[in-house]
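In what follows, a structure is listed as structure tokens, so that the remarks can point back to it.
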Amino acid sequence: VRADGGGLSREMVRTVHRTPSPRPLPRSAGAREILTVLVAVVGLASCASAPRGGAPGAPIELSSGYPELRARFDADAGRPRLLVLASPT
Amino acid sequence: VAVVRDEVLAKVADPGLRAYVVWTRILDEDDAAAARSAGAKLTDSRVVQLWDGGAELARALGRSLAIPAREREAGAHGFAWDVYLLYDRGARWGDAPPPPSFWMDQLRQVSPAQAPRLDGPALRARVEGALR
């Protein structure tokens with residue numbers, strides 16, 4: 001129950017994912033090389049599409065005096081800015 | 001935050017908009033892991049996410065916005081959370097939080113005369129106006 005008297009936390013509901021058993025890798029060296037290249041390409045593509053604010057799910061921790069926010073806020077002057085404060089739960 | 005994500009960020013494509021989502025420690029279950037989990041649902045590249053683990057920013061903005069304290073909160077002002085603040089292009093932080101040009105909230109102790117309740121389409125209209 002939320003401390004302000006509100007409803008249940010969304011984090012109280014959790015989903016368990018089952019991971020299927022891995023398939024055996026191809027035996028030939030050529031197939032393994034192709035697989036390695038594919039994994040590298042997918043990895044590079046995901047890095048290139050990472051958002052400007054950092055990896056999703058990794059908020060920047062504020063120091064005392066919140067210089068991390070103040071610096072970004074002033075660096076972004078000239079643009080409209082939206083600031084949201086919220087409980088994560 | 002889902003309202004901002006779905007009603008503002010998803011519908012206002014202008015790359016000139018910036019958003020800072022600050023997860024702050026207000027409720028008993030709030031911690032860095034919860035902030036990471038909540039943050040994973042926000043993938044818009046215009047958003048910077050931060051974790052206010054000491055609720056220092058929430059307290060400072062509570063003073064700045066003159067948010068009344070709740071019964072169990074010490075002092076004249078309460079914490080700023082569930083607040084949605086819009087700043088014009090010229091706003092600068094400097095030594096103290098600047099006053100927002102417009103803000104909304106979901107706090108019972110804030111009267112609608114002080115700030116309107118969160119309304120996604122109304123907030124989006126304000127954001128679009130600021131971008132013009």
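Residue numbers begin at 1 in each chain, while the letters A, B, ... track the order of the sequences.
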Any non-hydrogen side-chain atom of [X] less than 4.5 Å from a side-chain atom of [Y]?
X      : Y      : value
P80(A) : R18(B) : no
L85(B) : V84(A) : no
E68(A) : L50(B) : yes
L85(A) : L61(B) : yes

Which pair of non-hydrogen atoms, one from [X] and one from [Y], has the smallest distance, and what is that distance?
X      : Y      : result
R89(B) : R81(A) : O-NH2, 2.9 Å
L27(B) : S87(A) : CD1-OG, 3.5 Å
P88(A) : W23(B) : CA-CE3, 3.6 Å
A35(B) : P59(A) : O-CG, 3.7 Å

Can you tell me how far apart [atom1] ([X]) and [atom2] ([Y]) are? Round to the nearest 0.5 Å.
X      : Y      : atom1 : atom2 : value
W93(B) : D74(A) : CH2   : CG    : 9.0 Å
T89(A) : R25(B) : OG1   : CZ    : 10.5 Å
Y87(B) : D76(A) : OH    : CG    : 13.5 Å
R92(B) : R70(A) : CZ    : CZ    : 13.0 Å
I60(A) : D52(B) : CD1   : CG    : 13.0 Å

Check: G65(A) main-chain N/O paired with E56(B) side-chain donor or acceptor under 3.5 Å
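Answer holds: yes.
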Mind telling me whether F73(A) and Y20(B) have parallel, tilted or perpendicular rings, with 30° and 60° as the class edges?
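Answer is tilted, since the angle falls between 30° and 60°.
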Need one label for [X]: side chain, backbone, both or neither, based on atoms under 4.5 Å from any heavy atom in chain A.
X       : value
P100(B) : neither
D88(B)  : backbone
V4(B)   : side chain

Residue, of L86(B), D30(B), L17(B), that accumulates the most heavy atom pairs under 4.5 Å with chain A
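Ranked by heavy-atom pairs under 4.5 Å with chain A, first place is D30(B).
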Who among A19(B), A130(B), G90(B), G16(B) has the most heavy-atom pairs with chain A under 4.5 Å?
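Ranked by heavy-atom pairs under 4.5 Å with chain A, first place is G16(B).
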Step by step, work out the side chain to side chain contact (heavy atoms under 4.5 Å, CB included) result for L82(A) and L123(B).
CA-CA 10 Å; L82(A) 195 56; L123(B) 182 59; 4.3 Å; yes
Measure distances from S63(A) to the heavy atoms of chain B and classify the residue's part below 4.5 Å as side chain, backbone, both or neither.
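For S63(A), the backbone is the part near chain B, not the side chain.
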